[in-house]
Protein chains: 2
Amino acid sequence: MGVTIKEVAKAAGVAPSTVSRVIADHPRISPATKKRVKKAMKEMGYHPNANARNLANRSTQSLGVVMPSSADKALQNPFFPEVLRGISAVAHEMDYSILLCTGETDEQMLEAVERMVYSNRTDGIILLYSQVNDPIMAFLIEQNFPFVVVGKPSERVDEITHVDNDNVRAGKEITNHLIEIGHECIAFIGGSTDRIVTIDRMKGYESALEEAGLPYLDEYRIHTEFLKSGGRQAVHELFSLPQPPTGLVIADDLMSIGVVNMLEELGMHVPEDISIVSFNNVYLSEITRPPLTTVDIHIHGLGSQAAKCLIEKVKNKEEPAKRIIVPFDIKYRSSTQEKEAPTEV
Amino acid sequence: MGVTIKEVAKAAGVAPSTVSRVIADHPRISPATKKRVKKAMKEMGYHPNANARNLANRSTQSLGVVMPSSADKALQNPFFPEVLRGISAVAHEMDYSILLCTGETDEQMLEAVERMVYSNRTDGIILLYSQVNDPIMAFLIEQNFPFVVVGKPSERVDEITHVDNDNVRAGKEITNHLIEIGHECIAFIGGSTDRIVTIDRMKGYESALEEAGLPYLDEYRIHTEFLKSGGRQAVHELFSLPQPPTGLVIADDLMSIGVVNMLEELGMHVPEDISIVSFNNVYLSEITRPPLTTVDIHIHGLGSQAAKCLIEKVKNKEEPAKRIIVPFDIKYRSSTQEKEAPTEV
DNA sequence: GTGAAAGCGCTAACAG
DNA sequence: CTGTTAGCGCTTTCAC
């Protein structure tokens with residue numbers, strides 16, 4: 001194994017505790033010894049053993065990150081690498097490591113999280129999703145274990161630290177954009193209503209329609225897991241309505257890409273026949289055809305803020321719950337187009 | 001903190017060492033005490049402290065996973081979540097945790113890896129990419145630290161355990177497909193030639209052309225970082241050649257999506273005017289327009305095999321270097337189309 | 001089969 | 001300012 005603190009101490013002619021103090025950058029230590037010890041450390045290639053440190057400190061200097069279960073196709077969403085980047089950036093800066101947690105099924109996920117917590121492998125946890133009735137969140141709360149969620153918790157919103165966008169407002173603004181450019185029949189397509197993010201974005205959509213006095217039929221709201229078979233059917237029905245929509249608010253860029261393709265197959269063109277807006281602004285939304293008008297939610301920022309909050313919380317158990325709202329902005333691209341006034345004969 | 005081994009020992013009326021033996025499922029222990037201890041553990045909600053265990057064992061029960069630096073847009077490639085799933089599956093099964101390692105710049109990455117290794121945070125490392133002159137790999141070799149690479153190392157191929165597809169053969173087969181359906185002018189578009197995967201796929205492409213006696217001009221090979229500005233230019237030039245290609249072999253699905261869109265903008269249709277094949281079979285390649293004919297490289301398998309190899313290597317330092325080739329298969333979809341014989345007048 | 005005791009490598013009082 | 005000492009929670013000889 002590597003060099004230990006004792007060996008360094010001996011080499012520098014001091015006690016191990018002194019070396020420890022140098023490592024911790026303790027104030028009350030003479031510059032002379034400090035220098036001497038540092039020199040010895042360098043010469044001997046000393047690096048503190050994280051395990052031993054953590055044992056002595058009862059900490060782990062690591063953050064657990066829980067992704068959604070991989071049963072979920074959504075895991076392939078570029079959202080995740082991006083949010084990981086954000087987390088990683090501040091984790092690295094603050095000298096924390098990242099412990100990843102996935103699993104095939106929900107039970108496996110819970111089990112993995114339990115193990116992490118019980119065996120003291122992590123100081124705190126970041127939940128990368130938020131859904132109703134989440135057993136993992138319930139477990140964390142019950143254990144009073146530090147965690148933050150990226151997104152909005154489904155309940156006890158004020159007691160749980162979370163980092164989110166104002167998805168309701170974002171939903172409203174992006175829908176308003178569609179309204180402003182002349183659309184009156186606007187439908188919403190989102191994933192499962194178990195996901196809070198879907199709900200919020202839809203709320204925004206509804207409130208925009210309401211304020212504008214536009215119709216929002218039940219038939220205008222589609223919730224489909226992730227395209228494919230079921231989704232196709234739903235979209236098909238949407239456009240078989242007597243009054244088919246001319247604008248679509250879609251809860252996620254990836255979904256948009258699927259929908260655009262589906263529409264084109266059905267002989268409808270985006271944006272000529274139908275305008276589409278969505279959320280996230282993943283890299284793909286720029287290079288797809290047409291490039292998507294979408295809400296840039298600043299994924300990286302969500303990640304970095306979450307890490308920051310969690311670290312604060314870990315360092316100070318009494319840190320009050322807080323809510324961080326990461327601003328968004330809208331990227332206007334060519335999936336939307338002015339709706340010409342209906343040709344009245 | 002939690003319950004300790006001592007408390008369990010006291011409750012069960014045995015010595016701590018006995019409890020330890022029960023945890024480790026030591027053979028020489030009477031069924032009676034074993035049962036008694038287990039009962040106590042359960043009742044008290046005992047869970048071993050990973051840190052203490054690892055310190056005593058000089059191990060960490062965790063695997064480090066190194067992603068490419070996030071400077072790389074490619075990080076948003078769904079390849080990563082998917083390969084993580086694979087790693088995760090076996091890690092979980094074998095009771096290892098996953099330590100993630102990213103960084104904004106290459107230096108930051110190296111630094112992060114060094115810290116992981118020096119501070120004994122991980123037992124072994126999986127490199128999720130392979131490129132020439134990689135300082136991280138050099139470091140790992142120099143330290144004689146256990147690692148495996150997903151992909152093919154740029155050098156010392158027989159000394160480094162790696163998990164890869166036979167990318168040369170895959171490149172050849174997929175190119176042959178294009179040839180079989182009548183294409184004769186086939187170009188290759190790939191990312192940086194620093195990445196081994198690009199090189200191998202291109203070799204396959206070349207060898208297919210050669211065997212078929214088809215031309216492979218220098219102008220038919222494009223290496224572009226990741227579309228956008230530079231890429232557009234290159235593609236544009238490709239189709240300004242006196243003999244523009246009718247088939248395209250593209251090194252990555254995501255790139256294909258960009259290229260398809262670019263072509264459509266230029267007024268060319270896939271597959272009517274030009275056929276496209278690529279690699280990876282990420283989820284998107286099914287839902288894009290048109291769905292892509294692509295090599296399914298079994299990303300999940302790459303991940304799980306890598307984890308398996310690494311764990312073997314970690315458990316047995318003497319484990320010889322090995323190479324695991326994960327099979328691939330081709331998904332035929334509608335980005336390719338028979339090329340009608342040139343209309344000879 | 002089980003217990004006592006000595007560590008794993010580091011930190012943190014408590015003295016001085 | 002620095003050394004001594006006693007752990008952190010678990011494993012592992014070595015006895016019995």
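Labels below follow one simple rule: chain letters A, B, ... track the order of the sequence lines, proteins then strands, and each chain is numbered from 1.
Side-chain proximity of B:N49 to D:dG3, C:dT11, D:dC10: nearest is D:dC10. Ranking C:dA13, D:dC10, D:dT12 by closeness to the A:R21 side chain, first place goes to C:dA13. Distance from the side chain of A:V14 is smallest to D:dG3 among C:dC10, C:dT11, D:dG3. Distance from the side chain of A:I23 is smallest for C:dT11 among the nucleotides C:dG9, C:dT11, C:dA4. Closest to the A:L55 side chain, of the nucleotides D:dT11, D:dT2, D:dC8, is D:dC8.
A 6.0 Å sphere centred on NZ of A:K34 holds more than 12 heavy atoms belonging to other residues, nucleotides or ligands. For A:K317, the NZ atom sits in a packed shell: over 12 heavy atoms of surrounding residues, nucleotides or ligands are nearer than 6.0 Å. The number of heavy atoms from other shown groups lying within 6.0 Å of CG (B:N316) is above 12.
Nucleic acid contact class of B:R53 (heavy atoms, under 4.0 Å, all strands): sugar-phosphate only. At a threshold of 4.0 angstrom between heavy atoms, the contacts of B:T4 are confined to the sugar-phosphate backbone, with no base atom among them. B:V19 comes within contact range of no nucleotide atom at all, as no heavy-atom separation falls under 4.0 Å.
Residue whose closest nucleotide on DNA chain C sits further toward the 5' end, between B:P31 and B:N57: B:P31. Both B:S30 and B:A56 sit near DNA chain C, but only B:S30 has its closest nucleotide nearer the 5' end.
Proximity of B:T33 to the phosphate of C:dT2: a side-chain N or O atom is located under 4.0 Å from OP1 or OP2. Between B:T18 and C:dG3 there is a side-chain polar atom (N or O) within less than 4.0 angstrom of OP1 or OP2. Contact annotation: B:S17 side-chain N/O to D:dC10 OP1/OP2 distance is not under 4.0 Å. Look at A:S20 and you won't find any side-chain N or O under 4.0 angstrom from OP1 or OP2 of C:dA12. Listed pair A:N54 / C:dT11 fails the phosphate criterion, with no side-chain N or O lying under 4.0 Å from OP1 or OP2.
Taking atom CG on A:N51 and atom P on C:dG9, their separation rounds to 11 Å, with Å as the unit. Between A:R28 atom CZ and D:dG3 atom C1' the separation is 14 Å, expressed in whole Å. Computed from coordinates, the B:Y118 OH to C:dG9 P distance equals 18 Å when rounded to whole Å. One can place NZ of B:K6 at 8 Å from P of D:dG7, the figure rounded to the nearest angstrom. Atom NE2 of B:H26 is separated from atom P of D:dC10 by 18 Å (rounded to the nearest Å). B:Y46 has its OH atom 7 Å from the C1' atom of D:dG9, to the nearest Å. If you measure from atom CZ of A:R121 to atom P of D:dG9, you get 16 Å, rounded to the nearest angstrom. With rounding to whole Å, B:R58 atom CZ is found 10 Å from D:dT13 atom P.
Between A:N54 and A:T60, the side chains place no donor N or O within less than 3.5 Å of an acceptor N or O (distance only, hydrogens not considered).
Electrostatic pairing of B:R85 and B:E82 counts as a salt bridge here, judged by a charged N lying under 4.0 Å from a carboxylate O.
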Evaluate ring-ring contact (aromatic ring centres under 6.0 Å, His included) for A:F79 paired with A:Y129, printing each intermediate quantity in order. CA-CA 11 Å; A:F79 173 85; A:Y129 61 91; over 10 Å; no

